[in-house]
Amino acid sequence: MKFWSQYFVPTLKESPADAEIASHKLLVRAGLVRKLGGGLYTYMPLGLRVMQKLTQICREEIEAGGGIELWMPHVHPVENWEQGPRWAAAREIMFRTDSAGAGKGRSKEPEFVLGPTHEEVITPLVKQEITSYRDLPKNFFQIATKFRNEIRPRFGLMRAREFVMMDAYSFDATDDGAVKSYFAMKSAYEKFFKRVGVRAIAVEADTGVMGGSFSHEFMVPAEIGDDDVIYSDAGYAANREKATSALVPKDFADAAPVGAVEEFATPGVVTIAALAAAPFNVAADQQFKTLVYVGDGKPFVVILRGSDELEEAKLGSLGFTLCRAATSEEIEPALGAKPGSLGAVKGTFKNGEALAGVFADHAIRLIGNGTTGANKDGFHVRNVNVTRDLAITKFGDFRRVRPGEPCPQSGQPLQVRRGIEVGHIFKLGTKYSEKYNAVYTDDQKQTHFFEMGCYGIGISRTMQAVIEQSHDPDGIVWPWNVAPFQVLICVLDPDSPEAMGLAQKLGAVAEQAGADVLVDERAERPGVKFKDADLIGIPLRITIGSKGLKDGIVELKARNSKDVAKVPLAEIEARLAATVAEAKAKSA
RNA sequence: CGGGGUGUAGCUUAGCCUGGUAGAGCGCCUGGUUUGGGACCAGGAGGUCGUAGGUUCGAAUCCUAUCGCCCCGACCA
């Protein structure tokens with residue numbers, strides 16, 4: 001039992017100027033966090049209590065799913081990362097020590113990085129400690145602070161430079177085992193979010209820099225989320241980077257060529273829109289859009305319908321470590337023209353040898369005979385047939401889906417909504433174990449790379465996502481299991497020994513029943529106490545006032561309801577114990 | 001990193017355009033009256049106006065630089 005005036009709950013009437021979204025404002029107003037700098041927050045006592053509850057629930061569910069908790073350093077020798085598969089991509093967002101390191105009296109200063117996750121630490125550890133299939137599978141996890149030098153921290157804890165995350169790493173002997181470990185974690189995640197009391201849906205996700213073969217994100221639907229979830233009523237759900245649609249029917253037959261490829265002059269026409277306008281009038285979805293990217297130093301071509309947008313993340317499937325748009329200076333020597341006149345018709349590249357490939361989005365098959373750039377400034381070509389004319393290395397899915405397109409599973413129209421990513425699971429395969437030569441020996445004395453998976457839950461982000469999903473105009477409405485306290489006893493007249501005595505007694509009853517109790521015995525007016533009570537969102541409120549005491553009653557009110565129960569003193573203890581027990585049972 | 005904005009008391013802010021003694025609300029302190037949904041009265045403390053230069057008789061205000069923060073974009077394990 002904590003007493004408000006001896007505890008520390010600094011609430012604010014007004015929102016800080018730098019908070020824009022509801023959950024961020026409430027985090028600060030309810031005294032849960034205070035800002036140190038961009039993306040850096042102190043967890044105040046109330047906020048810390050929520051974090052501890054989230055942490056404990058997470059620990060229990062991950063353990064139940066097979067996880068074994070440990071703790072790794074957050075300062076890593078840079079060598080661990082240099083040896084790993086994603087150093088080139090990850091170094092951009094990592095905090096690093098100054099490698100010059102001068103002035104410390106040492107001839108050479110070792111370089112360190114702050115860990116954004118720990119594949120680079122756990123994989124060498126497991127390599128060292130586990131050598132036999134008999135010791136597999138294993139799944140190690142920790143709940144700890146993570147560091148990412150975000151380009152743009154925002155929305156309070158939503159995208160912070162320092163944050164708390166649960167990260168787990170599974171090691172299996174076989175791919176089947178890895179799949180099992182993966183789905184054990186998926187199920188543990190579902191239990192975690194359910195117990196927390198937040199609605200989070202699993203969506204198919206892109207594997208991004210992590211690499212690996214498949215992946216799910218756990219998204220809390222919210223308008224302010226910075227990810228788009230594409231879904232259909234039939235149950236399909238994927239994030240924007242990964243989502244596909246069934247644009248090309250399975251039995252689609254490519255159109256037959258209608259004539260020879262023919263060049264025509266298009267002076268000054270360098271956009272899809274310009275070619276779609278008079279006098280050319282080539283509809284955007286009958287044009288081939290030719291984009292040039294650079295993958296690991298070598299240019300490559302991507303072809304889309306003119307009406308489609310490239311989803312850059314999908315280039316990840318091509319296997320390059322780093323991808324970026326090519327510059328004009330890089331494009332011209334390879335293709336022979338500037339952007340606006342590019343195409344991929346066979347034999348029109350100035351130097352096709354320089355290209356790492358020509359990758360075509362499936363949807364261009366719908367074009368049949370279309371128009372594209374001639375790789376000669378000021379000229380396009382028409383009657384371009386996909387199979388006959390284009391120099392395609394490989395087809396793939398590169399376009400960004402649009403709402404209304406058919407769901408790849410059911411054909412129903414796809415819909416979009418925003419979400420907050422609170423968890424992510426990856427099946428990694430052997431991407432990391434190969435890099436570190438992390439192997440075990442099987443029963444045939446053969447060595448194999450570990451089949452790995454990695455799993456993350458943003459604990460601090462989840463705290464904010466809960467608030468975003470569960471608040472009203474008066475403040476936070478905490479779900480029972482993560483509320484900093486479950487019962488708030490408002491003593492309106494703290495000078496009354498009778499009232500304080502009753503508060504003590506009821507507090508003990510609630511604690512006995514399994515609730516954490518906060519007693520507001522401040523010398524404040526009732527209005528102040530009620531406003532603060534609503535703001536900090538404790539699920540169950542007991543009000544002890546002198547008027548009520550005279551009539552022999554106290555009030556019982558749930559934060560998520562308007563109903564106030566006036567309970568006779570003779571019944572309150574039993575009623576309180578029963579209410580707490582019921583709330584606990586419902587949230588279990 | 002590109003675009004936009006902003007920095008004045010613990011918090012929210014006015015004043016800046018058009019230079020001339022830095023104001024308010026909340027919060028805080030003292031006293032009094034109040035006491036069931038952010039009370040009232042009286043008194044009080046608290047600001048080198050982000051920082052550094054410059055222009056000027058005079059700068060919160062104009063100019064330059066710099067730092068921080070916020071938003072949009074890019075980016076995002």
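First the proteins, then the strands, lettered A, B, ... as listed; each starts at 1.
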> If the cut-off is 4.0 Å, is A/R525 near the phosphate of B/C40, judged by side-chain N/O to OP1 or OP2?
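Answer is no, no contact under 4.0 Å.
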> Tell me which nucleotide among B/A74, B/G37, B/U12 gets nearest to the side chain of A/I151.
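For the A/I151 side chain, the nearest candidate turns out to be B/A74.
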> Under 4.0 Å between any heavy atoms, over every strand shown, what does A/E555 touch: base, sugar-phosphate, or nothing? Just pick one.
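The answer is base, as A/E555 lies within the cut-off (heavy atoms under 4.0 Å) of a base atom.
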> Would you classify A/R29 as touching base, sugar-phosphate or nothing, given that sugar-phosphate means primed atoms plus P, OP1 and OP2, and contacts are heavy atoms under 4.0 Å?
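The residue A/R29 makes base contact.
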> Hey, does the side chain of A/K13 come within less than 4.0 Å of B/C11's phosphate (OP1/OP2), counting only N and O?
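Indeed not, no polar side-chain atom of A/K13 lies that close.
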> Taking only the side-chain nitrogens and oxygens of A/R154, find out if one of them lies under 4.0 Å from OP1 or OP2 of B/C72.
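So the side-chain polar atoms of A/R154 do come within 4.0 Å of the phosphate oxygens OP1 or OP2 of B/C72, strictly under.
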> Starting at CD1 of A/I93 and ending at P of B/A77, how long is that distance when rounded to a whole Å?
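That distance rounds to 8 Å.
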> With nearest nucleotides of RNA chain B determined for A/W81 and A/G527 from heavy-atom distances, which residue corresponds to the more 5′ nucleotide?
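Here A/G527 is the residue nearer the 5' end.
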> Rounded to whole Å, how long is the line connecting atom CH2 of A/W87 with atom C1' of B/A77?
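Rounded to the whole Å, the gap is 15 Å.
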> A/D227 has an atom CG; how far is it from atom C1' of B/A77, in whole Å?
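Taking CG of A/D227 and C1' of B/A77, I get 12 Å after rounding.
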> Contact class for A/K529 (heavy atom, under 4.0 Å): base, sugar-phosphate, or nothing?
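Here A/K529 touches no strand at all.
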> Of the nucleotides B/G25, B/G36, B/G37, which one has an atom closest to the side chain of A/E14?
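Closest nucleotide to the A/E14 side chain: B/G25.
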> Using both distances under 3.5 Å as the test, list the Watson-Crick or G-U wobble partner of B/G7, or none.
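Base partner found: B/C67.
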> For A/R461 and A/F155, take the nucleotide of RNA chain B holding the closest heavy atom to each; which residue's nucleotide lies nearer the 5' end?
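Looking at RNA chain B, the more 5' nearest nucleotide goes with A/F155.
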> State whether A/K35 places a side-chain N or O below 4.0 Å from either non-bridging phosphate oxygen (OP1 or OP2) of B/G68.
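Answer no for this pair, as no side-chain N or O of A/K35 is under 4.0 Å from OP1 or OP2.
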> Taking the C1' atom in each of B/G23 and B/C70, what is the distance between them to the nearest angstrom?
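These two C1' atoms come out 25 Å apart once rounded.
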